Amino acid sequence: MGIFTGMFRRLRRPEPQPAPAPGHVSFIELHVAHTCNLACESCSHYSNHAHKGILDLALAESWISAWSKRITLDELNLLGGEPTMNPRLSEFVVLARKYWPATHIRIITNGFFLHRHPALPATLAADGNASLSLSVHHDDPSYLERLRPALDLVAAWQRDHGIAVEIRQSDEKWTLRYLGSGADMLPFEDGQPRQSWEVCPARYCKQLHDGHLWKCPPLAYLNLQKAKYDLSPKWDPYLQYKPLPPTCTDSELDEFLRREDETACAMCSAEVRRFSLQNPLRSRASRDAPAA
């Protein structure tokens with residue numbers, strides 16, 4: 001703004017003040033599909049419980065457009081579930097870029113259905129600030145044999161399109177996120193939310209779900225579990241968690257982004273509980289079921 005005389009300042013209308021700078025977030029995650037072809041025990045997104053559903057592109061745009069006015073973002077992770085089970089996956093890259101021009105866009109996939117998306121490598125290459133992360137969930141020979149075509153395909157995409165690719169051995173750091181499974185699933189009762197937050201691998205994994213920002217995957221998708229199973233009343237306090245709407249005040253947004261441990265963290269273990277993940281390949285009937 002230019003320098004004005006005192007007289008001019010008194011006579012002219014006040015200059016409009018710039019809008020407050022939006023909050024800054026390192027990264028958020030967006031489920032483009034709840035459904036998944038794998039069944040990894042104690043998945044923090046509950047994807048091992050065979051949930052159905054893919055995210056509608058127009059609905060996603062309403063969420064992203066609202067939050068793009070509130071936050072700046074270093075990285076957006078498109079995942080699930082299994083994101084490649086959404087037939088419009090490539091369009092989500094274009095959509096995210098429309099609203100967050102400087103954000104790195106990362107697709108995190110188990111790789112088994114990448115062949116369904118022949119346009120994806122060109123889309124990632126044209127974007128210029130996007131990458132592909134392939135998560136390997138087991139070292140069993142039968143699993144790796146099934147995965148080999150996907151690894152070969154990704155190598156070809158990297159060679160022919162120059163896209164950035166990361167291979168993650170995800171099962172090496174797998175931990176127990178809750179007790180039991182299905183209707184018998186139970187939260188931990190260690191009663192030490194600060195310690196639970198400190199050891200939580202998802203403590204910075206904010207989720208964009210149902211148009212709101214959620215603290216972490218276990219809280220964001222717990223309602224999917226409740227809708228499918230008659231969960232124990234022990235989950236009731238955590239089902240009352242209130243996510244942040246895009247209509248929040250600036251102070252509410254700032255407080256949410258700064259918040260570390262809170263009462264809801266008590267649903268998770270206060271110590272690192274590693275275990276050997278079993279081969280997560282589902283049966284063929286389950287793998288090939290359509291995504292509803």
Side-chain angles (χ1 to χ4, degrees), residues 22 25-38 43-47 51-135 150 153-154 157-158 161-166 168 170 202 204-214 216-217 220-221 224 243 246 290-292:
V25 188
S26 295
F27 74 96
I28 59 175
E29 298 181 337
L30 174 66
H31 267 206
V32 300
H34 294 312
T35 187
C36 188
N37 57 306
L38 297 183
C43 174
S44 64
H45 293 242
Y46 311 116
S47 300
H51 292 293
K52 301 296 183 183
I54 59 175
L55 180 60
D56 177 74
L57 193 70
L59 180 60
E61 181 164 18
S62 70
W63 301 353
I64 291 173
S65 63
W67 279 107
S68 68
K69 300 177 180 70
R70 304 304 311 276
I71 61 174
T72 57
L73 187 60
D74 289 336
E75 181 174 315
L76 174 67
N77 290 341
L78 302 176
L79 40 64
E82 173 46 42
T84 58
M85 297 184 83
N86 190 318
R88 303 185 71 178
L89 176 59
S90 296
E91 296 176 70
F92 280 88
V93 177
V94 178
L95 171 63
R97 180 59 64 227
K98 174 182 176 182
Y99 290 98
W100 279 305
T103 295
H104 182 78
I105 301 169
R106 186 186 307 275
I107 295 174
I108 302 178
T109 172
N110 61 44
F112 286 98
F113 297 125
L114 280 171
H115 63 277
R116 296 181 178 180
H117 301 274
L120 183 58
T123 300
L124 295 175
D127 180 90
N129 189 20
S131 63
L132 183 69
S133 182
L134 195 156
S135 292
L153 180 62
V154 166
W157 285 0
Q158 192 172 25
H161 297 271
I163 64 172
V165 174
E166 172 194 23
R168 298 182 180 183
S170 298
Y204 300 120
C205 298
K206 294 177 175 61
Q207 307 292 302
L208 176 52
H209 173 58
D210 280 347
H212 293 61
L213 284 184
W214 300 70
C216 61
Y221 310 113
L224 293 180

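What you see is a predicted model; the values in this text were computed from it and never measured.
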Trainee: Going by the rule side chain to side chain contact (heavy atoms under 4.5 Å, CB included), which residues pair with H51 if we only count those two or more places apart in sequence or in a different chain?
Mentor: H34, Y46, H49, L224, Q225, K228
Trainee: Taking only residues two or more places apart in sequence, or in another chain, which ones meet S62 in a side chain to side chain contact (heavy atoms under 4.5 Å, CB included)?
Mentor: L59
Trainee: Is the shortest heavy-atom distance from the side chain of I28 to the side chain of N77 under 4.5 Å?
Mentor: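 Heavy-atom side-chain distance check fails, nothing below 4.5 Å.
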Trainee: Is the shortest heavy-atom distance from the side chain of L30 to the side chain of I64 under 4.5 Å?
Mentor: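 In contact.
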Trainee: Mind checking what makes side-chain hydrogen bond (donor to acceptor under 3.5 Å, both in side chains) contact with R168, not counting sequence neighbours?
Mentor: S133, E166
Trainee: Check side-chain hydrogen bond (donor to acceptor under 3.5 Å, both in side chains) between D74 and all other residues, then give those that pass, not counting sequence neighbours.
Mentor: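 side-chain hydrogen bond (donor to acceptor under 3.5 Å, both in side chains) check on D74 returns H24.
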Trainee: Between atom NZ of K206 and atom OG of S26, what is the distance when rounded to the nearest 0.5 Å?
Mentor: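 One finds 8.0 Å between NZ of K206 and OG of S26.
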Trainee: Under the rule for side-chain hydrogen bond (donor to acceptor under 3.5 Å, both in side chains), what residues qualify as partners of D127, not counting sequence neighbours?
Mentor: R97
Trainee: Would H209 and E29 count as a side-chain contact (heavy atoms from CB on, under 4.5 Å) if you check the C-alpha gap in whole Å, the side-chain angles of each, and the deciding distance to 0.1 Å?
Mentor: CA-CA 9 Å; H209 173 58; E29 298 181 337; over 6 Å; no
Trainee: Not counting sequence neighbours, which residues clear ring pair (Phe, Tyr, Trp, His ring centres under 6.0 Å) with W67? List them please.
Mentor: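 With sequence neighbours excluded, W67 shows a ring pair (Phe, Tyr, Trp, His ring centres under 6.0 Å) to no residue whatsoever.
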Trainee: Can you give me the closest heavy-atom contact between Q207 and C216, atom names plus distance?
Mentor: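 Minimum heavy-atom contact is CG-C, 3.7 Å.
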Trainee: A side-chain contact here means heavy atoms from C-beta on lying under 4.5 Å apart; do P87 and I54 qualify?
Mentor: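 In contact.
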Trainee: For L95, does its backbone N or O pair with a side-chain atom of W100 as donor and acceptor, under 3.5 Å?
Mentor: no
Trainee: Please check: side-chain N/O of N86 versus main-chain N/O of V32, any donor-acceptor pairing under 3.5 Å?
Mentor: yes
Trainee: Roughly how far, to the nearest 0.5 Å, is the OG1 atom of T35 from the CE atom of M85?
Mentor: 4.0 Å
Trainee: Can you see which heavy atom on A164 is nearest to which on A130, and at what distance?
Mentor: CB-O, 4.4 Å
Trainee: With F27, which residues qualify under ring pair (Phe, Tyr, Trp, His ring centres under 6.0 Å), at least two apart?
Mentor: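 Scan of F27 (ring pair (Phe, Tyr, Trp, His ring centres under 6.0 Å), adjacent residues dropped) gives none.
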Trainee: For C36 and N110, what are the C-alpha separation, side-chain angles and deciding distance, and is it a side-chain contact (heavy atoms from CB on, under 4.5 Å)?
Mentor: CA-CA 9 Å; C36 188; N110 61 44; 4.1 Å; yes
Trainee: Quick check for you: to the nearest 0.5 Å, what is the distance between R88 atom CZ and L57 atom CG?
Mentor: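 The CG atom of L57 is 4.5 Å from CZ of R88, to the nearest 0.5 Å.
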Trainee: Tell me if a side-chain donor or acceptor on K69 pairs with a main-chain N or O of S65 at a distance below 3.5 Å.
Mentor: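 Confirmed, K69 side chain pairs with S65 backbone.
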Trainee: Taking only residues two or more places apart in sequence, or in another chain, which ones meet L114 in a side chain to side chain contact (heavy atoms under 4.5 Å, CB included)?
Mentor: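 L114 satisfies side chain to side chain contact (heavy atoms under 4.5 Å, CB included) with T84, T109, L120, L132, L134, L153, V154, W157 once adjacent residues are dropped.
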Trainee: Compare all side-chain heavy atoms of F92 with those of I105 and state whether any distance is below 4.5 angstrom.
Mentor: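 F92 does not reach I105 side chain to side chain.
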Trainee: At what distance, to the nearest 0.5 angstrom, does CG of L79 lie from OG of S47?
Mentor: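 Those atoms lie 8.5 Å apart.
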Trainee: The criterion is side-chain hydrogen bond (donor to acceptor under 3.5 Å, both in side chains); which residues satisfy it with S44, sequence neighbours excluded?
Mentor: none
Trainee: Applying salt bridge (charged side-chain N to carboxylate O under 4.0 Å, His left out), which residue pairs with at least one partner in residues 75-87 are found, sequence neighbours left out?
Mentor: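 The answer is E75-R106.
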Trainee: Would you check if there is a donor-acceptor pair between the side chains of H45 and H31 at a distance under 3.5 Å?
Mentor: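 Short answer, yes.
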Trainee: Between V93 and I107, is there a side-chain heavy-atom distance shorter than 4.5 Å?
Mentor: yes
Trainee: Can you see which heavy atom on P83 is nearest to which on A33, and at what distance?
Mentor: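 So the two residues come closest at CA-CB, 4.4 Å.
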Trainee: Taking the side chain as every heavy atom from C-beta outward, state whether T72 and V25 have any atom pair closer than 4.5 Å.
Mentor: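 Not touching, per the 4.5 Å side-chain cut-off.
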Trainee: What is the minimum heavy-atom distance between I108 and S135, and which atoms define it?
Mentor: CG2-OG, 3.8 Å
Trainee: For D210, check side chain to side chain contact (heavy atoms under 4.5 Å, CB included) against everything at least two apart and list the hits.
Mentor: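 For D210 the side chain to side chain contact (heavy atoms under 4.5 Å, CB included) partners, ignoring immediate neighbours, are W63.
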Trainee: My understanding is that only residues two or more places apart in sequence, or in another chain, count here; which of them pass ring pair (Phe, Tyr, Trp, His ring centres under 6.0 Å) with Y99?
Mentor: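 Once residues adjacent in sequence are excluded, Y99 has no partner under the ring pair (Phe, Tyr, Trp, His ring centres under 6.0 Å) criterion.
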